[in-house]
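Report on one structure; see the data block that follows.
For the numbers below, each heavy atom of this structure counts, side chains included, while hydrogens, waters and symmetry mates do not. Treat the numbers as computed from the prediction; the structure is a model and nothing was measured.
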Amino acid sequence: MSHMASEIIAFVLAVSGWVLVSSTLPTDYWKVSTIDGTVITTATFWSNLWKTCVTDSTGVSNCKDFPSMLALEGFIQACRGLLIAAVSLGFFGSIFALVGMKCTKIGGTDNQKMKITAFSGLLYVLSGLCAMTGISLYAHNITSQFFDPTVLEQKYELGAALFIGWGGSSLTVIGGAILCFSLNDSLRESRIHYSYNGVTSVRSARTRLPDESNSCNAPRDLPRHFDKNAYV
């Protein structure tokens with residue numbers, strides 16, 4: 001029962017993290033223009049993996065999609081690939097987890113379900129690592145430009161999408177690791193059921209023989225119709 005509860009908790013953590021990671025892809029605020037050193041802010045610049053936008057003081061936003069995928073900077077292309085890979089791995093991890101968990105009635109024998117659950121945990125761990133790598137790469141580019149004194153153009157700060165992605169990828173890795181370790185727990189439980197009684201010694205076998213012989217030579221009660229007074 002405890003093993004099944006740990007699988008359910010791990011599955012909820014992994015799916016929650018995968019949903020958070022998936023929500024970062026269309027989120028707008030991956031980076032936001034800084035207001036450090038400015039007195040009056042007339043416009044706010046922000047961008048994500050797909051477009052760059054500017055919002056004026058009246059709240060009106062004007063966005064421009066990136067014109068060409070091949071003309072993008074290398075780190076944006078890498079972040080796109082890593083985030084899409086993370087979403088895809090998490091999707092297949094969810095399917096395998098539903099098949100391999102003990103609370104479901106599909107997936108074959110317990111040994112097969114145990115292996116499927118461990119494989120789904122591995123997919124979740126890879127999904128979380130891909131998402132964390134892509135988000136950290138994007139954040140590194142922002143911070144390196146922010147602290148570089150030679151950069152004179154608009155500087156940006158970390159957006160809300162990055163923190164959501166870090167939290168989601170952490171939950172995905174934790175849930176996937178618990179599902180992977182469930183394989184070890186299942187093997188340990190299966191070994192506990194086999195108990196070793198030891199080899200019967202020769203002495204104990206010999207001491208058992210006289211008892212058996214005595215039980216064989218013990219006088220049996222005669223039937224009533226063969227009693228000595230039966231024919232008197």
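Between the S136 side chain and the M132 main chain, a donor and an acceptor come within less than 3.5 Å of each other. Here the side chain of S23 pairs a donor or acceptor atom with the backbone of L20 at under 3.5 angstrom. In this structure a side-chain-to-backbone donor-acceptor pair under 3.5 Å is present from S169 to W166.
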(message) Please determine whether side-chain contact (heavy atoms from CB on, under 4.5 Å) holds for the pair F91 and I95, giving the CA-CA distance in whole Å, both sets of side-chain angles, and the decisive distance to 0.1 Å.
(response) CA-CA 7 Å; F91 174 76; I95 295 176; 3.6 Å; yes
(request) Please report the C-alpha distance between S61 and T55 in whole Å, then the side-chain angles of each, then the deciding distance to 0.1 Å, and finally whether the side chain to side chain donor-acceptor pair (under 3.5 Å) criterion is met. (result) CA-CA 4 Å; S61 298; T55 304; 2.8 Å; yes
(message) Show, in sequence, the C-alpha distance, side-chain angles and deciding distance for V54 and T44, and conclude whether the side-chain contact (heavy atoms from CB on, under 4.5 Å) test is met.
(response) CA-CA 6 Å; V54 56; T44 302; over 6 Å; no
(request) Could you walk me through whether K102 and T117 pass the side-chain contact (heavy atoms from CB on, under 4.5 Å) test, one step at a time? (result) CA-CA 9 Å; K102 284 188 175 181; T117 305; over 6 Å; no
(request) Begin with the C-alpha distance, continue with both residues' side-chain angles, and end with the deciding distance and a verdict on side-chain contact (heavy atoms from CB on, under 4.5 Å) for L49 and W30. (result) CA-CA 8 Å; L49 295 177; W30 277 65; 3.7 Å; yes
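Across all their heavy atoms, A161 and T24 have their closest contact at O-CG2, 3.5 Å. What you find for G128 and T172 is that their closest heavy atoms are N-CG2, 3.9 Å. Closest heavy-atom contact between G159 and V32: CA-CG2, 4.3 Å. The two residues K51 and F66 come nearest to each other via the heavy atoms N-CE1, 3.5 Å. The nearest pair of heavy atoms linking G176 to A14 is N-CB, 4.3 Å. Nearest heavy atoms, G93 versus S120: O-CB, 3.4 Å.
Inter-residue side-chain proximity for E7 and I178 is flagged as unmet; no heavy-atom pair is nearer than 4.5 Å. At least one side-chain heavy atom of L13 sits under 4.5 Å from a side-chain heavy atom of I9. No side-chain heavy atom of W46 sits under 4.5 Å from any side-chain heavy atom of K31. Looking at Y156 and F45, their side chains come closer than 4.5 Å, going by heavy atoms from C-beta outward.
Among residues at least two apart or in separate chains, disulfide (SG to SG under 2.5 Å) pairs with a member in residues 62-178 are C53-C63.
Within the model, atoms NZ of K64 and OG1 of T52 stand 8.5 Å from one another, a figure rounded to the nearest 0.5 Å. We find the CD1-OG distance between I164 and S22 to be 12.5 Å, quoted to the nearest 0.5 Å. Taking CG of L122 as the reference point, atom CG of L89 lies at 9.0 Å (rounded to 0.5 Å). Rounding to the nearest 0.5 angstrom, the gap separating the CG atom in L83 from the CG atom in L25 is 4.5 Å.
Hydrophobic cluster membership differs between L137 and Y29, with clusters built from Ile, Leu, Val, Met, Phe, Trp and Tyr side chains linked at under 4.5 angstrom. Hydrophobic cluster membership differs between V173 and I8, with clusters built from Ile, Leu, Val, Met, Phe, Trp and Tyr side chains linked at under 4.5 angstrom. In the hydrophobic cluster analysis, where Ile, Leu, Val, Met, Phe, Trp and Tyr join through side-chain heavy atoms closer than 4.5 angstrom, L179 is grouped together with V15. Hydrophobic clustering (side-chain heavy atoms under 4.5 Å, transitive across Ile, Leu, Val, Met, Phe, Trp, Tyr) keeps L129 apart from L162. In this structure, I135 is not a member of the same hydrophobic cluster as V125, with clusters built from ILVMFWY side-chain heavy atoms closer than 4.5 Å.
Side-chain contact annotation: D148 with T150, donor-acceptor N/O pair under 3.5 Å present.
For the ring-ring contact (aromatic ring centres under 6.0 Å, His included) with F119, the lone residue among F92, Y124, F96 that qualifies is F96.
Residues meeting the side chain to side chain donor-acceptor pair (under 3.5 Å) test with T104, sequence neighbours left out: K113.
Aromatic pair Y138/F75: ring centres closer than 6.0 Å.
Heavy-atom neighbours of K155 NZ from other residues, nucleotides or ligands within 6.0 Å: above the threshold of 12.
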